[in-house]
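Some notes on the structure that comes next.
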Amino acid sequence: GDSVTQMEGPVTLSEEAFLTINCTYTATGYPSLFWYVQYPGEGLQLLLKATKADDKGSNKGFEATYRKETTSFHLEKGSVQVSDSAVYFCALSDAIGGGADGLTFGKGTHLIIQP
Amino acid sequence: DAGVIQSPRHEVTEMGQEVTLRCKPISGHNSLFWYRQTMMRGLELLIYFNNNVPIDDSGMPEDRFSAKMPNASFSTLKIQPSEPRDSAVYFCASIGGPHEQFFGPGTRLTVL
């Protein structure tokens, strides 16, 4: 079955540091890949997505590139802020053509940014 | 739009009691998902509906769990009887544009 593996947390960085959160996946088809963010006490919010190989998703300074050859979708940001402190989830969907299908999530990585 | 609405936000109950969680998806969204989040298991898909019809309930842990979607604007997840191991945060999500799920704020369930 499908699975997503992401680096264990918590990850603690200083403000303005470079961020990488690793994510690799296993899927039977050609999945779409996502990063969701969860702030304390809130539900998940879509941060970025990529639907095919070599696509780069980007939002709010975060980027991730869909690498089919390494089955990876690592999240990066060049300069993190305290407000980026949250839990980040890598996820995939096998739905074809954007149709409805449940997401398979990684365990989440808790990111802590210190001033 | 108010987004996906879940109620209650917090529920504390005793073992053996029935628990009903509610969800109102975003208007116009025709797919709805229930997830459970725990520290041990992370986020798990329990069940999802397309056009009010359950499509995949393979994630429902056991017969104590049931979900319904009587119309396009309302869904329930029921646990009867509840057990302490059901304690978790339960999220509802609905799908908008291609590939994008919108999540509700969740219901934090504690079973004593």
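In what follows, chains carry the letters A, B, and so on, assigned in the order in which the sequence lines appear, proteins first and then strands, with residues in each chain numbered from 1.
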So which pairs with a foot in residues 16-66 of chain B pass disulfide (SG to SG under 2.5 Å), sequence neighbours left out?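 Output for this query lists B/C23-B/C92.
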Please identify, among A/G41, A/A91, A/G43, the residue contributing the most non-hydrogen atom pairs under 4.5 Å to chain B.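 When all of A/G41, A/A91, A/G43 are compared, A/G43 has the most.
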Top contributor to chain A interface from B/Q6, B/Q37, B/R108, B/M39 [non-hydrogen pairs under 4.5 Å]: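 Counting heavy-atom pairs under 4.5 Å, the top option is B/Q37.
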Heavy-atom pair of closest approach, residues B/L45 and A/L103: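 Taking every non-hydrogen atom into account, CB-O, 4.4 Å.
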Within the supplied structure, the quantity of interest is the number of heavy atoms (other residues, nucleotides, ligands) at a distance under 6.0 Å from [X] [atom1]; does it exceed 12?
{"X": "A/E8", "atom1": "CD", "answer": "no"}
{"X": "A/E69", "atom1": "CD", "answer": "yes"}
{"X": "A/Y39", "atom1": "OH", "answer": "yes"}
{"X": "B/E14", "atom1": "CD", "answer": "no"}
{"X": "B/D63", "atom1": "CG", "answer": "no"}

Residue-level interface, residues 105-115 of chain A with chain B, non-hydrogen cut-off under 4.5 Å: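 From residues 105-115 of chain A, the residues near chain B are A/F105, A/K107.
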If two hydrophobic side chains count as joined below 4.5 Å and joins carry through other members, does A/Y88 share a cluster with A/V4?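 Yes, same cluster.
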Linking I/L/V/M/F/W/Y whenever their side-chain heavy atoms sit closer than 4.5 Å, directly or via other members, would A/L48 and A/L19 fall into one cluster?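 Yes; A/L19 is reachable from A/L48 via cluster members.
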Pick one of side chain, backbone, both or neither for A/Q38, based on which atoms fall under 4.5 Å of a heavy atom in chain B.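 Only the side chain of A/Q38 comes within 4.5 Å of chain B.
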Between CG of A/L46 and CZ of B/F102, what distance do you get to the nearest 0.5 Å?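 Between atom CG of A/L46 and atom CZ of B/F102 there are 7.5 Å.
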